[in-house]
Amino acid sequence: KKTVAYHEVGHALIGSLMPGAGKVEKISIVPRGFGALGYTLQLPEEDRFLVTEDEIRGRIATLLGGRSAEELIFGKVSTGASDDIQKATDLAERFVTLYGMSAKLGPIAFEKSQQQFLEGLTNPRRAVSPEVALEIDREVKRLIDSAHAMAAIILTQNHSLLEETAQMLLTKEVLEGQELRSQLMQVKTPDEIEQWLKQGII
């Protein structure tokens, strides 16, 4: 339960700083359904059809926030982060191969859209040379690594707030409303965050 509390607070603290993600409404460590030991609820500000590259970077950092909190507090990670890692990796892949947002590879779609893929095509990725495939993998890794590093910077700079909020969550099991908002309003924003959101560079 302690691991889950820090994990969920890690998501919430980082999510509260990221653009376009919607407000963090609730954190819970009451198990729900199969495999979900806790959750962080973020409600979008409105229906979104367009997402910008800084928002995608922010989402990846938020997804990695749980794992980063576990690393910071316990010095090791649990399997609880596996779903987050899967989602973060999928998002990073799409950033590079489908949305053409990688500065290095440019506006080329290396992945076919889901619609074409469903029409019987066996491979979601276009035929690319081994060199380009390697560069795609490098770009995806670079994106994940920089988001992971940003998550760690945010949580390190907000270490005492992470501790305090996780202890509140352990006592109450659910944090929401004004109580949660007053915690999230205290999150300190690192100097590096603006450049990282724009360019992915720390």
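Residue numbers run from 1 in the order of the sequence given. What you see is a predicted model; the values in this text were computed from it and never measured.
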Group every Ile, Leu, Val, Met, Phe, Trp and Tyr by side-chain heavy-atom contacts under 4.5 Å, then state whether [X] and [Y] land in the same group.
{"X": "L98", "Y": "V51", "answer": "yes"}
{"X": "V30", "Y": "L170", "answer": "no"}
{"X": "I14", "Y": "V77", "answer": "no"}
{"X": "V132", "Y": "F95", "answer": "yes"}
{"X": "I108", "Y": "I56", "answer": "yes"}

Locate the shortest heavy-atom distance separating [X] from [Y]; write the atom from each residue and the value.
{"X": "S146", "Y": "W196", "result": "OG-NE1, 3.1 Å"}
{"X": "F110", "Y": "V128", "result": "CD2-CG1, 3.7 Å"}
{"X": "L13", "Y": "L161", "result": "CD2-CD2, 4.1 Å"}
{"X": "K26", "Y": "L180", "result": "N-CD2, 3.5 Å"}
{"X": "G10", "Y": "A69", "result": "CA-CB, 3.9 Å"}
{"X": "R57", "Y": "L197", "result": "NH1-O, 2.8 Å"}

When rounded to the nearest 0.5 angstrom, what distance separates [atom1] in [X] from [atom2] in [Y]?
{"X": "K141", "Y": "H148", "atom1": "NZ", "atom2": "NE2", "result": "10.0 Å"}
{"X": "E135", "Y": "L105", "atom1": "CD", "atom2": "CG", "result": "5.5 Å"}
{"X": "I153", "Y": "E192", "atom1": "CD1", "atom2": "CD", "result": "4.5 Å"}
{"X": "M150", "Y": "I60", "atom1": "CE", "atom2": "CD1", "result": "13.0 Å"}
{"X": "E55", "Y": "L91", "atom1": "CD", "atom2": "CG", "result": "11.0 Å"}
{"X": "N158", "Y": "Q186", "atom1": "CG", "atom2": "CD", "result": "9.5 Å"}

Closer than 4.0 angstrom, basic N to acidic O: yes or no for K87 and D83? yes
Determine, stepwise, if the pair R181 / K23 fulfils side-chain contact (heavy atoms from CB on, under 4.5 Å). CA-CA 9 Å; R181 280 194 295 275; K23 293 186 172 57; 5.8 Å; no
For the side chain of T165 and the backbone of L162, is there at least one donor-acceptor N/O pair under 3.5 Å apart? no
Stepwise, does the side-chain contact (heavy atoms from CB on, under 4.5 Å) test hold for I73 with H159? CA-CA 9 Å; I73 301 298; H159 196 153; 3.6 Å; yes
Run the side chain to side chain donor-acceptor pair (under 3.5 Å) test against [X] and tell me which residues pass, sequence neighbours left out.
{"X": "K172", "value": "E179"}
{"X": "T40", "value": "E8"}
{"X": "E70", "value": "H7, S78"}
{"X": "D54", "value": "T52"}

Can you tell me which residue pairs pass the ring pair (Phe, Tyr, Trp, His ring centres under 6.0 Å) test with a partner in residues 67-87, sequence neighbours excluded? Y6-F74
Sorted by chain and number, sequence neighbours left out, salt bridge (Lys or Arg N to Asp or Glu O under 4.0 Å) with K198 holds for E194
Please tell me if the side chains of L17 and P190 come closer than 4.5 Å, counting only heavy atoms from C-beta onward. yes
Please evaluate residues M18 and I193 with respect to the criterion side-chain contact (heavy atoms from CB on, under 4.5 Å), reporting the C-alpha separation (whole Å), side-chain torsions for both, the decisive distance (0.1 Å), and the verdict. CA-CA 9 Å; M18 295 305 162; I193 201 165; 4.0 Å; yes
